[in-house]
Amino acid sequence: MDDHAAILDFLSDNVSPATPEVIAAVVQANDANAVPYGEDTWTAALQTVMAAAFDRECVTYPVTTGKTANALSLLSIAEPGALIFCHEYGHILYNELGGPAMYTGAELVGLPGEHGKIAPETFRAAIARYGTVPRGSVLNLTNATEAGTVYTPDEIARLTAIARGAGMTVHMDGARIANAIAHLGCHPADVTWRAGVDVLSFGATKNGGMGAEAIVCFDPAAAARLKEGRKRGGHVPSKMRFLSAQLLAYLADGAWLRRAAHANAMAAALVADLRDIPGVAIPVPVESNHVFLAVPQATREALVDAGYQFHLYERHGAGVIRLVTHWATTDDQIARFVATVRDAMLARTVAG
Ligand SMILES: Cc1ncc(COP(=O)(O)O)c(C=O)c1O
């Protein structure tokens, strides 16, 4: 690799490879013909395995992307003309260009909140502004949040109780639900249906999948609506077995939580080393696999010169960059990144 080759180590968890167990499962599912459109044995087995993971009867629909999972999940519970409350930086509002509104006919309402979380009083005040919310309105929560922070079961339960009181249902964007559960060390049920979540977008791609997510309906009425809704939405993959095979391997023997725990531990290690460097700041608590780093422009330039790619996240402060770890992040990658930051900060001190 030359000096200026792109280094993607901390750009996103989407840069990660798929885990060996996922690849092996896809290869195995490629052995023979299989019944299409989700009538295959992998998808049938997934129903049982997901229900066991969440300790609750549920219906699981595999899909190809997190955006699809969100759009269809919301389609399963939101009514046209209703409201979908979410964080102002919620993925469904900030990154999906109105996709969920297009699918549902509902309006998205963004709420402010520190470090990616909606506070109960903010949600209550937003509802009060409407008097009564329209029938079929929804609260959307992301866990882990877009800021990498994690809602606890109590925090979720408080918000979902407010939603229920206003006649609303609850969707959780769990693109990184494994990271949230690994951080909390709780049962998957505790942050989902037991805390009042009706439908979950269950992420796998960012944590070792090859390209598979799932919609998990804890609410049977949502599952019934999706049976046709996903056809109308154009999302019933004919070779669903390959998605289900990935998800089965992802869930087997708790691999999903072990992989996420590694990603979280790597973020913790990264931030521990970065904090030791005078002049750097970490403006957001690190609770999953995201680290937000505030460094001077010269240091950002040194990182770019070294080949690092990253995104600016100025919602967390001027010049703040986002670093994301994943299931395959290594100690060596962390050491190299920290050394680059340290050298750049030292050069600045010496020059100053
Ligand atoms: C919180 C969250 N939800 C949903 C998505 C969408 O996932 P996908 O890129 O698979 O559509 C992302 C992607 O980064 C995300 O960060």
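For ligands, and for the atoms within them, numbers begin at 1 and follow the listed sequence. Values in this document were obtained by computation on a predicted structure and should not be read as measured data.
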Can you tell me how the ring of Phe337 sits relative to the ring of Tyr308, calling it parallel under 30°, perpendicular over 60° and tilted otherwise?
perpendicular
Heavy atom of the protein closest to atom 12 (C) of ligand 1 (residue, atom name, distance)
His91 NE2, 3.1 Å
For residues Ala195 and Asp190, report the shortest heavy-atom separation together with the two atoms involved.
CB-O, 3.4 Å
Please determine if Asp173 has a nitrogen or oxygen closer than 3.5 Å to a nitrogen or oxygen of ligand 1.
yes
Under the criterion side chain to side chain contact (heavy atoms under 4.5 Å, CB included), which of Met172, Glu213, Met50 is the partner of Phe202?
Met50
Give the atom numbers and elements of ligand 1 that come within less than 4.0 Å of a heavy atom of Thr142.
1 (C)
Decide yes or no for Val280 and Met345: does some side-chain heavy atom of the first lie under 4.5 Å from some side-chain heavy atom of the second?
yes
Gly66 versus ligand 1: do any nitrogen or oxygen atoms come within less than 3.5 Å of each other?
yes
Considering only heavy atoms from C-beta outward, does the side chain of Phe310 approach that of Arg300 to under 4.5 Å?
yes
Where on Thr68 is there a heavy atom closer than 4.0 Å to ligand 1, on the side chain, on the backbone, on both, or on neither?
neither
Need the ligand 1 atom indices (1-based, order shown) with element for anything under 4.0 Å from a heavy-atom of Thr65.
10 (O), 11 (O)
Check the hydrophobic clustering (I, L, V, M, F, W, Y; side-chain heavy atoms under 4.5 Å; chains of links allowed) and say if Phe85 and Val199 are grouped together.
no
Ignoring angles and geometry beyond distance, decide whether Arg176 reaches within less than 3.5 Å of ligand 1 through its nitrogen or oxygen atoms.
yes
Restricting to heavy atoms, the pick from His290, Lys206, Glu213, Lys67 nearest atom 14 (O) of ligand 1 would be Lys206
